[in-house]
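Some notes on the structure that comes next.
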Amino acid sequence: MYWVFKTEPAECSILDIQAAGPKGVVWEGVRNYQARNFLRDQVKIGDQVLIHHSSCAQVGIAGVGVILAEAYPDPSQFQPRSLYYDAKSTPEKAPWVAVQVGFVEQFSKVLSMTELRQIYGLADMQLLKKGNRLSIIPATKAEFDLVLCVAKAYSES
DNA sequence: GCCAACGTTGGC
DNA sequence: GCCAACGTTGGC
């Protein structure tokens with residue numbers, strides 16, 4: 001499948017994923033049940049992920065990642081010092097999961113939402129829908145390919 | 001910092 | 001299990 005993962009670049013940017021090397025980064029801190037369900041049940045090894053930078057100066061899709069490891073208990077839920085600590089989590093009953101995300105490519109330019117909205121074929125993309133707050137969003141192959149195509153067009157211009 | 005759109009909580 | 005109040009997300 002194809003996905004859009006939202007991240008705050010101050011936390012984990014496309015460059016951080018690149019810097020992490022072949023092991024990739026731990027995609028942790030998802031604390032929304034709908035997003036958790038996607039992560040736990042449907043995100044599979046080899047799935048490709050559009051990395052979307054949010055809450056920052058340059059909001060938009062910054063590059064591509066790939067799933068290197070499927071859902072396992074999110075370590076941050078057990079760490080009292082972590083922002084993502086969940087006092088109710090126990091090793092027996094751990095509701096939150098993490099995956100491992102590896103680097104594929106960084107776009108030559110962050111694709112903003114206004115730019116993407118202008119692309120014929122992306123009109124129905126969930127990421128672009130008003131009020132969308134999910135941090136793990138499924139995308140279609142057509143949408144994924146189109147976004148890559150737009151990124152490529154920019155890199156050649 | 002505004003505010004729309006959700007998600008979560010808790011009294012009943 | 002309803003629903004109002006409150007909290008959070010996130011683009012702008």
Side-chain angles (χ1 to χ4, degrees), chain A residues 1-20 24-43 47-65 67 71-101 103-140 142-144 146-151 153-154:
Chain A
M1 288 187 69
Y2 298 88
W3 304 95
V4 180
F5 283 13
K6 286 187 195 169
T7 177
E8 298 189 10
E11 275 282 309
C12 179
S13 73
I14 187 75
L15 287 175
D16 294 323
I17 301 174
Q18 181 174 32
V25 296
V26 181
W27 206 269
E28 62 181 10
V30 172
R31 293 293 180 273
N32 165 287
Y33 286 106
Q34 211 184 333
R36 189 280 311 266
N37 291 346
F38 280 134
L39 214 54
R40 187 190 57 189
D41 305 331
Q42 295 191 49
V43 172
D47 281 1
Q48 291 192 276
V49 181
L50 298 169
I51 302 298
H52 179 270
H53 287 174
S54 68
S55 299
C56 60
Q58 271 200 302
V59 170
I61 300 177
V64 181
I67 301 302
Y72 59 94
D74 181 343
S76 68
Q77 68 193 310
F78 306 120
Q79 297 161 357
R81 316 278 277 279
S82 169
L83 264 178
Y84 307 119
Y85 179 60
D86 184 344
K88 285 175 285 186
S89 292
T90 63
E92 297 76 37
K93 211 179 169 195
W96 309 116
V97 298
V99 298
Q100 209 77 15
V101 177
F103 178 78
V104 176
E105 70 168 303
Q106 182 190 10
F107 292 163
S108 59
K109 162 185 185 316
V110 173
L111 304 179
S112 75
M113 303 185 79
T114 30
E115 278 168 330
L116 293 174
R117 272 190 251 270
Q118 288 164 16
I119 308 293
Y120 182 82
L122 295 183
D124 291 330
M125 200 172 178
Q126 261 198 67
L127 170 72
L128 304 177
K129 295 240 164 99
K130 193 175 168 187
N132 175 49
R133 289 176 14 182
L134 259 191
S135 59
I136 307 288
I137 312 169
T140 66
E143 289 162 352
F144 182 85
L146 246 181
V147 170
L148 287 202
C149 197
V150 173
Y154 273 114

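In what follows, every chain begins at residue 1, and chains take the letters A, B, ... in the order their sequences are listed.
Between the CG atom of A/Asn32 and the C1' atom of C/dG10 there is a distance of 13 Å, rounded to whole Å. Rounded to an integer number of Å, the gap from A/Leu128 CG to C/dG11 C1' is 12 Å. Whole-Å rounding puts the A/Asn37 CG to B/dG7 P distance at 12 Å. For the pair A/Arg31 CZ and B/dT9 C1', the interatomic distance rounds to 19 Å; values are reported in whole Å. Counting to the nearest Å, the P atom of C/dT9 and the CD atom of A/Gln34 are 15 Å from each other. Between the NZ atom of A/Lys129 and the C1' atom of C/dG11 there is a distance of 17 Å, rounded to whole Å. If you measure from atom CE of A/Met113 to atom P of C/dT9, you get 17 Å, rounded to the nearest angstrom. Atom-to-atom, CG of A/Asn132 to C1' of C/dG11 comes out at 11 Å; the value is rounded to the nearest Å.
Checking side-chain atoms of A/Glu11 against main-chain N and O of A/Glu8 turns up no donor-acceptor pair under 3.5 Å. Between the side chain of A/Arg117 and the backbone N or O of A/Leu128 there is at least one donor-acceptor pair closer than 3.5 Å. With hydrogens and angles ignored, the 3.5 Å screen pairs no side-chain donor or acceptor of A/Gln77 with any backbone N or O of A/Ser89.
Within the structure, every side-chain polar atom (N or O) of A/Lys130 is placed at least 4.0 Å from both OP1 and OP2 of B/dA4.
Distance from the side chain of A/His52 is smallest for C/dG11 among the nucleotides C/dG11, B/dT8, B/dA5. With B/dT8, B/dC6, C/dG10 as the candidates, the nucleotide lying closest to the side chain of A/Arg133 is B/dC6.
A/His53 comes within 4.0 angstrom of no nucleic acid atom, judged by non-hydrogen atoms across all strands. Nucleic acid contact class of A/Arg117 (heavy atoms, under 4.0 Å, all strands): sugar-phosphate only.
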What side-chain donor-acceptor pairs closer than 3.5 Å can you find for residues 27-34 of chain A, not counting sequence neighbours?
unit_1	atom_1	unit_2	atom_2	d
A/Arg31	NE	A/Tyr84	O	3.2
A/Arg31	NH1	A/Asp74	OD2	3.0
A/Arg31	NH2	A/Asp74	OD2	3.4
A/Arg31	NH2	A/Ser76	OG	3.1
A/Arg31	NH2	A/Tyr84	O	2.8
A/Asn32	OD1	A/Gln34	N	3.0
A/Asn32	OD1	A/Ala35	N	2.9

